[in-house]
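To find a chain, count down the sequence lines: A is the first, B the second, and so on, and within it residues start at 1.
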Amino acid sequence: MSTESGRRLRGARLRRGFYRRDARVVAPELLGKLLVRGPVAARIVEVEAYCGSEDPGSHAFRGPTKRNATMFGPPGHLYVYFTYGMHWCANAVCGEDGEGVAVLLRAAVPMRGLDVMRERRPAAKRDLDLLRGPARLCQAFGIDGVSDGADLVTADREVTIVDDGTPPLAAVVGTRIGLTKGADLPWRWCAADEPHVSRRP
DNA sequence: ACCGGGATGTTCT
DNA sequence: GAACATCCCGGTG
């Protein structure tokens, strides 16, 4: 066990109002915050904004469905979806109730519970690959459909995001990854000079 | 480092 | 039937 994993986690959970804003405002502010679930914690270093019915790249573009229902709910909840037949990805719902706005959590730096992450991600050859990518991050955190709709503000299902006082990380902007529609919009933010991102802009 | 192909199944047309 | 907010592995340079 490293000194990092033994240290008590200090920090305040982000409140509802933090999320209740435009995803393009919330996204860069999430860089440097800690994603926490049980024994596992990591510093968020890459995010993407998905902006509801105005955004052709968003699941919300064609309106509410059973799958994206959480996205159209109140902000501050976790929207978890299944894709490519085997992967889960997690978003923080943002904006006002019913807007269908969210921020995809794409990469993070492992901070605590690395032993658990390694067990959950046997394919990762290096610790650098533990959380580098949205589906890898979910795998390492044990996040799947059961966590869809979890309230990040109350941590009703253990998942939450906290501010430990780390100063805002310098951000580099780029285009979103893996899209065929809305691929040109510059709605991806990475912490500058950070090796734990999925791809540099 | 970069590229190509396969895995795998839900969701929506 | 096609698309999919991805990942892994094995090839080549």
Interatomic distance where CD belongs to Gln139(A) and C1' belongs to dA7(B) [whole Å]: 14 Å
Base dA5(C) to side chain Tyr81(A), donor-acceptor N/O within 3.5 Å cut-off: yes
Met86(A), nearest nucleotide to its side chain (from dC7(C), dA7(B), dC4(C)): dA7(B)
Distance-only polar pair, side chains of Arg157(A) and Ser147(A), donor-acceptor under 3.5 Å: no
Face-to-face stacking of Tyr84(A) with dG9(B), centres under 5.5 angstrom, angle under 30°: no
d(NZ, Lys125(A); C1', dG10(C)) in whole Å: 10 Å
Quiz item: cation-pi between Arg16(A) and Tyr19(A), 6.0 Å / 45°: no
Sugar-phosphate only, base, or nothing, as touched by Gly178(A) at under 4.0 Å among non-hydrogen atoms: sugar-phosphate
Minimum-distance nucleotide (side-chain atoms of Arg62(A) versus dG9(B), dA5(C), dT13(B)): dT13(B)
Sugar-phosphate only, base, or nothing, as touched by Arg188(A) at under 4.0 Å among non-hydrogen atoms: nothing
Spacing between Leu137(A) atom CG and dA5(C) atom P, to the nearest angstrom: 17 Å
Parallel, tilted or perpendicular: rings of His59(A) and Tyr81(A) (30°, 60°): perpendicular
Who pairs with dT8(B) - Watson-Crick or G-U, where each distance is under 3.5 Å: none
Spacing between Leu130(A) atom CG and dC8(C) atom P, to the nearest angstrom: 11 Å
Spacing of Phe61(A) atom CZ relative to dC4(C) atom P, expressed in whole Å: 13 Å
Where Leu105(A) and Ile44(A) come nearest, the two heavy atoms and their spacing: CD2-CD1, 4.2 Å
Separation of atom CG in Leu128(A) from atom C1' in dA1(B), rounded to whole Å: 15 Å
